[in-house]
Amino acid sequence: MPRVNQICCIGAGYVGGPTCAVIALKCPHIRVTIVDLNQARIDAWNSPDFSLPIYEPGLEDVVRKARGRNLFFSTDVDKGIRDADLIFVSVNTPTKKSGVGAGFAADLNYVELATRRIAATATSSKIVVEKSTVPCRTAESMRTILDANSKPNARFDILSNPEFLAEGTAIDDLFAPDRVLIGSLQTQEGKEACAALSEVYQNWVPKERILTVGLWSSELSKLAANAMLAQRISSINALSAICEATGANIAEVAHSIGQDSRIGPKFLRASVGFGGSCFQKDILNLVYLSESLNLKEVAEYWKQVVTMNEYQKRRFSKRVVDTLFNTITGKRIAVLGFAFKADTGDTRESAAITLIRDFQQERALVNIYDPQVESNQIWADLNEASPDVPLAAIQRQVFICSSALEACKNAEAVIIATEWAEFKTIDWEAVYAGMNKPAFVFDGRLLVDADRLRSIGFKVTVIGRGERL
Ligand code: NAD
Ligand code: UDX
C-alpha cells in the first residue's frame, strides 16, 4: 500500500483551507501544502497576524498551530503537485452560467484545468482525490485527461472523497465527522489507494466512521446528501406557509414531528430560505444529471426543492410589504444579518440578498448590519443581484451600518435575516426607542423572544406563525 508523506491541496477556499489545515494538525508527520492561483488568498492565509481569508470559528487556532510546521500555503501549484504523493482537488464547481446546461450543470472547468495541470506536471505516481463536489462519473473524465497527458512512470489512482463540513461549524465537523466517505474503483490499485487515504484520516477519525464505497456511489452520495438536507428545509418552509395561514406554530410542528425517531429533530428550522454555495448548486446539478439520464419525473421532483426556496423568500418580502400597510416606498428597513447563516462571513446565495433586492425594487431605504461580512462584499452582491441598476444608485438607497442599533435608528421595520446570536441580546428597548412607530420586527429565523418584544411595544411577525392564535 502506498504511504502518504506529502499532501498537496489544489484550492485554498472554504473547503481546501480548513480541511487540509485540520489534516496537517492531526498528522504532524505529513507535510501539507495548500496551493491556489489567487495570490491575495494565499497572502491572507500566510498573513503574519493571521487575518485569514475566511471567518470560521476555531480555524485560526488550527492554522496557528500547524502553519510553518507541516502546513504551508503557496501559489507554486507545480511544485506542490510534483512533491506530493496525494493531491486533493478542492477547486470551485459553480453552476454553469452559459452554454450547454447553463443554469443547472456544474461548471467543471476549474476541475479540468487542475487535472490537466497535474498531468502536465507530475513526474511520479500520485493518488488524485476529488474533494470538490462533482457530478456522478466525473472521475472518469479526470482519468481520461490524466491518462492521455501523463509522463512516463507517472500513474494515477483517482479517489472520490467528498466533504460534508458545514460552514460556521467546519472545524468541529472536521474534528469529529459523522462519516468520512471514500470512493474508489474496486480494483487492487483502487483499493490500495483507498486504504492509503483512509490511513490519513485514521489519525483522528475512528475506523468505523470511514466508509469505503465505489467511486460513482461516493460522487452521487454527496449530491444526494445535500439534496436531502435542502429538501427537509423546503418541506418545513412549505409547512410554515400553512402555519401562517391557519394559526399553527411551525416551531411546535417541527418539535412534534422531530420527536419521531424516524424523522429526527435536526434541520427542521423554518427560515427565510436556505442559502450557501452548495444546496442550490448541487440540487440543480442533480436535476441536470436526472434530465440527461432521461429521468424527467426525478428531475422535476428535485427541482421543486429549489422552487419552494424561491417561493419562501418571495413570500417573506411580500409579508413585510403587506404588513407595512402595503407600501414600503421611502420607508427605512433595517436588515440584521447578510451572511447566509450565522458564524460565517460567506454570503453566497444568501437569502438576505434577495430580500434586499425586493426592498430596493419597492423603493425602500435599507440599512444593513452584519457582524462579519465586509462592505465591499455586500456591494458586490447587491450589484450582481440588480445588474441593471448602477452601483451609485444602489448606494443612495442602501446603507451599511456598523452596529445593529445604528441600523435600526429611525427605521420602520427590523428584519432578522441571519441567526447571529448577538441579535438575541441586543438592547431591544433602545432599538424600540430609536425607531419610528409603529415599530415592526420580522423574525425570519425564529430567533428572538416574540412575546418579550411585544411587551416592549413592537409589532412582531414570525416566520411560520399566523396572526390568529
Ligand atoms: P472556493 O471558491 O472557496 O475555493 C476554491 C478555490 O480554488 C479558489 O480559491 C480558487 O482560486 C481555487 N482554484 C480554482 N481553480 C484552480 C486551479 N486550477 N488551481 C489552483 N487553484 C484553483 O470554493 P469552496 O467553497 O472551497 O468549494 C470547493 C468545492 O467544495 C466545491 O466543489 C464545493 O461544492 C465543495 N464543497 C463546498 C462546501 C462549502 O461549505 N463551501 C462544503 C462541501 C463541499
Ligand atoms: C451544507 C451541508 O450542511 C454540508 O454538509 C455540505 O458539506 C455543504 O452544504 P452549509 O451550506 O455550509 O452546509 O450550511 P448549512 O448548515 O447546511 O445551512 C445551509 C442553509 O440552510 C443556511 O442558509 C441555513 O440557514 C439554512 N438552514 C439550515 C435552515 O434554513 N434551516 C435549518 O434547519 C438548517
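Read the numbers this way: they start at 1 and go in the same order the structure lists the ligands and their atoms. Any value given below was found using the heavy atoms of this structure, including those in side chains, with hydrogens, waters and symmetry copies removed.
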Decide whether an N or O pair under 3.5 Å exists between Gly275 and ligand 2.
yes

Distance-only N or O hit between ligand 2 and Phe164, under 3.5 Å
yes

Does only the side chain of Glu112 get under 4.0 Å from ligand 1, or the backbone, or both, or neither? Count heavy atoms.
neither

Assess whether a salt bridge exists between Glu310 and Lys313, defined as any Lys/Arg side-chain N lying under 4.0 Å from an Asp/Glu carboxylate O.
yes

For ligand 1, find out whether one of its N or O atoms is nearer than 3.5 Å to an N or O atom of Asp282.
no

Less than 4.0 Å between a side-chain N and a carboxylate O, is that true for Glu130 and Lys222?
no

Close N or O approach (Glu163, ligand 1; < 3.5 Å):
no

Atom 23 (O) of ligand 1: closest protein heavy atom, distance to 0.1 Å, is Arg348 NH1, 3.8 Å

When you look at Arg82 and Asp78, which way does the salt bridge (Lys or Arg N to Asp or Glu O under 4.0 Å) test go after all the steps?
CA-CA 6 Å; Arg82 262 195 316 272; Asp78 290 350; 5.1 Å; no

Do any N/O atoms on Gly276 end up under 3.5 angstrom from N/O atoms on ligand 2?
no

Close-contact set for ligand 2 against Cys278 heavy atoms, below 4.0 Å
8 (C), 9 (O)

With a cut-off of 4.0 Å, which atoms of ligand 2 are near a heavy atom of Ser271?
29 (C), 30 (O)

Which one holds for Ile10 and ligand 1: side chain close, backbone close, both close, or neither close, with close meaning a heavy atom under 4.0 Å?
side chain

Considering non-hydrogen atoms of the protein only, which is the closest contact for atom 44 (C) of ligand 1, and what is the distance?
Thr133 OG1, 3.5 Å

Under 3.5 Å between any N/O of Leu113 and any N/O of ligand 1: does that happen in this structure?
no

Shortest protein contact, atom 7 (O) of ligand 1 (heavy atom only)
Gly11 CA, 3.4 Å

Lys/Arg cation over aromatic Phe72: Arg31, 6.0 Å, 45° cone:
yes

Heavy-atom nearest neighbour of atom 21 (N) of ligand 1 within options Leu223, Leu37, Thr75:
Leu37

The reported gap from CD1 in Ile158 to CD1 in Ile87 (rounded to nearest 0.5 angstrom) is 11.0 Å

Closest candidate by heavy atom, reference atom 7 (O) of ligand 2, pool Asn237, Thr133, Leu165
Leu165

Where is the nearest protein heavy atom to atom 2 (O) of ligand 1: which residue, which atom, and how far?
Asn92 CB, 3.6 Å

My understanding is that we take every heavy atom of each candidate and find the minimum distance to atom 10 (P) of ligand 2. Doing that for Tyr14, Phe279, Phe340, Phe274, which one comes out nearest?
Phe340

A student checking ligand 2 against Leu268 at a 4.0 Å heavy-atom cut-off should list atoms 33 (O)

Output the distance between atom CD (Glu300) and atom OG1 (Thr307), rounded to the nearest 0.5 Å.
10.0 Å

Note the single closest protein heavy atom to atom 34 (O) of ligand 1, along with its residue, its atom name and the distance in Å.
Lys281 NZ, 2.6 Å

Less than 4.0 Å is my threshold; does some heavy atom of Lys222 fall inside it relative to ligand 2?
yes

Approximate separation, where rounding is to 0.5 Å, of Arg69 CZ and Arg64 CZ:
15.0 Å

Min N/O separation Asn38 to ligand 1 under 3.5 Å
no

Looking at Ile34 and Cys20, what are the two nearest heavy atoms and their distance?
CD1-CB, 3.6 Å

Distance-only N or O hit between ligand 1 and Lys222, under 3.5 Å:
no

Classify the ring geometry between Phe440 and Phe442 as parallel (under 30°), tilted (30 to 60°) or perpendicular (over 60°).
parallel

Check the pair Val414 / Trp428 against side chain to side chain contact (heavy atoms under 4.5 Å, CB included), numbers first and verdict last.
CA-CA 11 Å; Val414 178; Trp428 283 102; 4.2 Å; yes

Number the atoms of ligand 1 from 1 as they appear, then name those within less than 4.0 Å of a heavy atom of Leu165, with their elements.
40 (O), 42 (C)

Taking atom 36 (N) of ligand 1 as the reference point, the nearest protein heavy atom with its distance
Val15 CG2, 3.4 Å

Considering only heavy atoms, which of Glu56, Glu167, Lys131, Arg116 lies nearest to atom 40 (O) of ligand 1?
Glu167

Do the charged groups of Arg155 and Asp157 touch, with an N to O distance under 4.0 Å?
yes

Numbering the atoms of ligand 2 from 1, which are under 4.0 Å from a heavy atom of Glu163?
7 (O)

Exercise: do Lys281 and Thr93 side chains pair donor with acceptor under 3.5 Å:
yes

Which atoms of ligand 1 have any heavy atom of Ser90 under 4.0 Å away?
5 (C), 28 (C)

Check each of Cys8, Ser132, Cys9 against Phe88 using the side-chain contact (heavy atoms from CB on, under 4.5 Å) test, and report the only one that passes.
Cys9

Ranking Asp36, Val89, Ile34, Asp107 by closest non-hydrogen atom to atom 9 (O) of ligand 1, top hit is Asp36

Would you tell me whether Gln231 and Tyr301 have side-chain atoms, one donor and one acceptor, within less than 3.5 Å of each other?
yes

Rounded to the nearest 0.5 Å, how far apart are SG of Cys278 and CZ of Phe164?
11.0 Å

How about Gln312 and Ser240: does a side-chain donor come under 3.5 Å of a side-chain acceptor?
yes

For ligand 1, which atoms have a heavy atom of Tyr110 less than 4.0 angstrom away?
14 (C), 15 (N)

Indicate whether any N or O donor in one side chain lies under 3.5 Å from an N or O acceptor in the other, for Ser124 and Lys126.
yes

Would you call the rings of Phe274 and Phe279 parallel, tilted or perpendicular if under 30° counts as parallel and over 60° as perpendicular?
perpendicular

Given the ring of Phe423, does Arg445 sit roughly above its face, with NZ or CZ under 6.0 Å from the centre of the six-membered ring and within 45° of the axis?
no

Minimum distance, heavy atoms only, to atom 28 (C) of ligand 1: which one of Val91, Thr93, Val35 is it?
Val91

Ligand 1 versus Arg117, non-hydrogen atoms closer than 4.0 Å: side chain, backbone, both, neither?
neither

Would you check whether Arg445 reaches within less than 4.0 Å of ligand 2, judged by its heavy atoms?
yes

Would you mind finding which of Glu349, Lys341, Arg269, Glu419 brings a heavy atom closest to atom 14 (O) of ligand 2?
Lys341

With heavy atoms only and a cut-off of under 4.0 Å, state how Ser277 meets ligand 1: side chain, backbone, both or neither.
side chain

Restricting to heavy atoms, the pick from Ser350, Pro162, Ala166 nearest atom 13 (O) of ligand 2 would be Ala166

Spell out, as yes or no, whether a donor-acceptor pair under 3.5 Å connects the side chain of Asp107 to the backbone of Pro94.
no

Going by the 4.0 angstrom heavy-atom rule, the piece of Ala170 near ligand 1 is neither

Show me which atoms of ligand 1 lie under 4.0 Å from any heavy atom of Tyr14.
3 (O), 24 (P), 25 (O), 26 (O), 41 (N)

May I ask you to identify the nearest protein heavy atom to atom 1 (P) of ligand 1, giving residue, atom name and distance to one decimal place in Å?
Arg41 NH1, 3.6 Å

